[in-house]
Amino acid sequence: MHLFSASPLAALIAYDPDEGRRLAKEVLGAVLELPREDRDALLHTLHAFVDHAGSADRAARVLHCHPNTVRYRLGRLRELTGRSLSDPRSLAELVTAADAVRLSPDNRN
């Protein structure tokens with residue numbers, strides 16, 4: 001059984017996995033080249049931040065880390081991708097690309 005996000009963007013990525021891989025590579029290329037542990041920490045942080053209405057404090061609670069750690073990781077995402085989380089289009093691209101990584105069969109263990 002597959003569980004999908006209620007997000008229409010995630011549904012689009014699930015519908016066309018090849019496009020999802022292309023988007024992930026284009027948007028998150030430098031992040032995807034990091035060691036798996038580092039990459040996963042950044043992507044989990046992004047998801048927690050978005051899932052908790054852009055609150056670093058609330059994301060930190062679910063990630064069991066300090067809010068400054070969340071802010072640092074989000075800053076790393078900005079540096080590595082050239083996309084700002086305060087720009088709606090950039091944020092949509094980041095979240096959609098991160099969903100593509102999460103839904104990719106290559107990423108499941």
Side-chain angles (χ1 to χ4, degrees):
M1 171 178 10
H2 293 289
L3 297 176
F4 295 102
S5 166
S7 165
L9 294 174
L12 283 172
I13 295 302
Y15 178 75
D16 190 348
D18 291 335
E19 182 61 18
R21 282 188 286 280
R22 187 201 63 76
L23 176 68
K25 185 175 180 181
E26 180 180 320
V27 173
L28 295 171
V31 174
L32 299 177
E33 293 175 5
L34 294 172
R36 186 177 186 104
E37 184 176 325
D38 296 336
R39 177 192 73 204
D40 289 350
L42 294 180
L43 295 178
H44 290 310
T45 300
L46 175 62
H47 284 296
F49 179 74
V50 170
D51 290 346
H52 291 88
S55 169
D57 292 330
R58 289 172 52 201
R61 281 195 291 275
V62 300
L63 293 170
H64 307 289
C65 66
H66 194 278
N68 285 342
T69 300
V70 171
R71 290 182 193 97
Y72 170 77
R73 290 176 184 169
L74 295 173
R76 288 276 294 138
L77 276 169
R78 184 177 53 250
E79 289 172 10
L80 291 166
T81 65
R83 287 172 168 81
S84 169
L85 281 91
S86 61
D87 173 58
R89 186 177 311 272
S90 292
L91 180 58
E93 290 173 350
L94 285 166
V95 172
T96 304
D99 279 345
V101 171
R102 182 166 45 185
L103 292 171
S104 171
D106 300 336
N107 194 46
R108 295 186 189 134
N109 290 329

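Computed from a predicted model, the values in this text were never measured in an experiment.
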Kindly compute the distance separating [atom1] ([X]) from [atom2] ([Y]), expressed to the nearest 0.5 Å.
X: R61; Y: D57; atom1: CZ; atom2: CG; answer: 6.5 Å
X: H44; Y: H47; atom1: NE2; atom2: NE2; answer: 8.0 Å
X: L46; Y: L91; atom1: CG; atom2: CG; answer: 7.0 Å
X: L85; Y: L94; atom1: CG; atom2: CG; answer: 5.5 Å
X: R71; Y: H66; atom1: CZ; atom2: NE2; answer: 8.0 Å

Result of checking L80, V101, V27 against L32 for side chain to side chain contact (heavy atoms under 4.5 Å, CB included):
V101
If I compare all heavy atoms of [X] with all of [Y], which pair ends up nearest, and what's the gap?
X: H52; Y: A59; value: CB-N, 4.3 Å
X: A98; Y: L43; value: CB-CD2, 4.1 Å
X: T96; Y: A92; value: OG1-O, 2.7 Å
X: R76; Y: L42; value: CB-CD2, 4.0 Å
X: A97; Y: L23; value: N-CD2, 3.9 Å

Indicate whether the side chain of D87 and that of S84 have a donor and an acceptor atom separated by less than 3.5 Å.
no
Cluster link L77 to Y72, ILVMFWY, side chain under 4.5 Å
no
Do L103 and P17 make a side-chain contact, defined as non-hydrogen atoms from C-beta onward lying under 4.5 Å apart?
no
